[in-house]
Amino acid sequence: SEEIGRFRCLGFDRSFYYYMTSGTRTVLSLSPAQHNKAHMLALAPLHTWERDFPARNGGADWDAASDTLMRSCEKVGFFTPSLIRGRGAWHDDGRVAIHLGDQVLIDGEVYRPHMVPSKYVYEAGLKMRASLKDPLRNSEAVKFAQLCDMLPWEKPISARLLAGWCVVSHIGGALDWRPHAWVTGRKESGKTYVMGHIVRPILGDNCLFVQSESTGAGIRQMLASDSIPVLFDEAEQEDAFAA
């Protein structure tokens with residue numbers, strides 16, 4: 001990438017040019033026609049443009065600025081949105097990256113998202129409530145599995161499968177295959193209780209909870225570039241679903 005002022009030019013594809021903004025530290029895509037004052041102020045404050053691209057009559061020379069931006073992106077080369085990474089756990093060229101919104105943890109090192117040394121682009125996001133410093137001991141963690149065992153499952157193995165899903169759901173983006181779980185049963189058999197009193201509390205705020213009327217496209221839009229657990233209540237009228 002190439003830095004201009006306090007934002008970075010990430011590259012381009014056939015239709016858009018991509019930038020890491022200076023203020024929000026998120027990725028902004030602009031078409032050629034969108035390289036105007038209104039959109040470019042989302043990249044950097046006005047004084048940056050007036051300082052780096054002064055107009056003869058005062059203010060900023062927006063044509064010169066937009067031309068420099070697009071040429072800089074072309075110099076960087078092709079960019080794909082699949083390189084953008086939001087919150088969650090990720091594989092990063094042999095490393096595991098834990099993105100908590102305001103910081104990224106890799107191999108014991110803590111980075112600000114936009115400062116991660118990687119070919120991937122980590123966006124800043126809403127801070128996740130998580131701590132990796134004081135993990136539960138086995139004698140403490142087993143209590144959650146025992147809680148799941150107390151539910152009236154048709155097959156006892158379902159208790160451990162649910163407990164296992166709740167644990168690995170936080171790192172789904174770093175796994176080769178992302179696990180899914182369906183909580184099924186007859187009406188008023190306790191599915192809502194499981195979701196509301198066991199699964200949601202153990203995941204806390206670090207998940208996306210959607211209702212039955214949500215579509216696949218809508219869920220992807222809400223997730224954006226995040227890799228966090230998704231809870232789907234009443235996915236098929238009488239079933240609760242977690243992914």
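If you read the sequence from its start, that first residue is 1, and numbering goes on from there. Since we're looking at a predicted model, the values are computed, not measured.
I202 and L151 fall within the same hydrophobic cluster, defined by Ile, Leu, Val, Met, Phe, Trp and Tyr side-chain heavy atoms under 4.5 Å apart, directly or through other members. Both L69 and L41 are assigned to one and the same hydrophobic cluster, defined by single-linkage of ILVMFWY side chains at heavy-atom distances under 4.5 Å. Under a hydrophobic-cluster definition in which Ile, Leu, Val, Met, Phe, Trp and Tyr are linked whenever side-chain heavy atoms come within less than 4.5 Å, directly or via other members, V167 and L162 are assigned to different clusters. The hydrophobic cluster containing L46 also contains L30, counting ILVMFWY residues as joined when their side-chain heavy atoms lie under 4.5 angstrom apart, directly or transitively. Follow the hydrophobic side-chain contacts under 4.5 Å out from L136 and you never reach V142; the two are in separate clusters.
Separation of atoms CG (D92) and OG (S118) is listed at 3.5 Å; rounding is to 0.5 Å. Residue L147 holds its CG atom at 9.5 Å from SG of C166, rounded to the nearest 0.5 Å. Atom OG1 of T21 and atom CE of M40 lie 14.0 Å apart (nearest 0.5 Å). Annotation: the span from L43 atom CG to F7 atom CZ amounts to 5.0 Å, rounded to 0.5 Å. In this structure, F16 CZ and F79 CZ are separated by 13.0 Å, a value rounded to the nearest 0.5 Å. Atoms CE and OG, from M70 and S31 in turn, are 9.5 Å apart once rounded to the nearest 0.5 Å.
Contact check for L175 versus V168: side-chain heavy atoms found under the 4.5 Å cut-off. Residues F232 and I219 form a side-chain contact, since some pair of their non-hydrogen atoms from C-beta on lies under 4.5 Å apart. Counting only heavy atoms from C-beta outward, the side chains of R160 and D149 approach each other to under 4.5 Å. Using a 4.5 Å heavy-atom cutoff, the side chains of S29 and S15 are not in contact.
Checking side-chain atoms of H91 against main-chain N and O of A174 turns up a donor-acceptor pair under 3.5 Å. Judged by distance alone, the side chain of K191 and the main-chain N or O of R186 form a donor-acceptor pair under 3.5 Å. Remark: side-chain polar atoms of K127 are not paired, donor with acceptor, to backbone N or O of G101 under 3.5 angstrom. Using a distance-only test at 3.5 Å, with no hydrogens or angles considered, a donor-acceptor pair links the side chain of T68 to the main chain of A64. The main-chain N or O of A65 is never found under 3.5 Å from a side-chain atom of W49 such that the two would form a donor-acceptor pair. Of the possible donor and acceptor atoms, one in the side chain of N36 sits under 3.5 Å from a partner among the backbone N and O of H39. Of the possible donor and acceptor atoms, none in the side chain of H99 sits under 3.5 Å from a partner among the backbone N and O of A97. Formation of a donor-acceptor pair under 3.5 Å by the N206 side chain with backbone atoms of R129 is found in this model. Not a single donor-acceptor pair under 3.5 Å links the side chain of E109 to the backbone N or O of I106. Counting only distance, with no hydrogens or angles, the side chain of W165 and the backbone of P179 share a donor-acceptor pair below 3.5 Å.
For the residue pair Y120 / D93, no side-chain donor-acceptor distance below 3.5 Å is found, with atom types taken as modelled. Residues Y17 and Q34 bring no donor and acceptor atom of their side chains to less than 3.5 Å of each other.
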Walk me through it: do E123 and R25 pass the test side-chain contact (heavy atoms from CB on, under 4.5 Å)? CA-CA 6 Å; E123 290 188 305; R25 293 302 180 184; over 6 Å; no
Intermediate values then yes/no, side-chain contact (heavy atoms from CB on, under 4.5 Å), R87 and L100: CA-CA 6 Å; R87 302 173 303 161; L100 299 178; over 6 Å; no
Show the numbers, then the answer: is there a ring-ring contact (aromatic ring centres under 6.0 Å, His included) between H35 and Y19? CA-CA 12 Å; H35 284 73; Y19 306 92; 5.7 Å; yes
Would F12 and F78 count as a ring-ring contact (aromatic ring centres under 6.0 Å, His included) here? Give the steps. CA-CA 5 Å; F12 71 98; F78 280 97; 4.6 Å; yes
Check against side-chain contact (heavy atoms from CB on, under 4.5 Å), L83 and Y122: CA-CA 8 Å; L83 294 175; Y122 290 84; over 6 Å; no
Evaluate the side-chain contact (heavy atoms from CB on, under 4.5 Å) criterion for residues Q103 and Y111: first the C-alpha distance (whole Å), next the side-chain angles of each, then the deciding distance (0.1 Å), finally the verdict. CA-CA 6 Å; Q103 59 182 5; Y111 302 91; over 6 Å; no
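For the pair R200 and F209, the cation-pi criterion (under 6.0 Å, within 45° of the ring axis) is fulfilled.
Note on D226 versus R85: no salt bridge recorded, every NZ/NE/NH1/NH2 to OD/OE distance being 4.0 Å or above. Under a 4.0 Å N-O distance rule, the pair R95/D107 does not qualify as a salt bridge.
For R112, the CZ atom is loosely surrounded, since the number of other residues' heavy atoms within 6.0 Å does not exceed 12. Surrounding CD of E154 are at most 12 heavy atoms belonging to other residues, nucleotides or ligands under 6.0 Å away. Counting heavy atoms of neighbouring residues, nucleotides and ligands inside a 6.0 Å radius, atom CE of M115 does not exceed 12 of them.
With L231 as the partner, the side-chain contact (heavy atoms from CB on, under 4.5 Å) test is satisfied by one option alone out of L203, V210, L208: L203.
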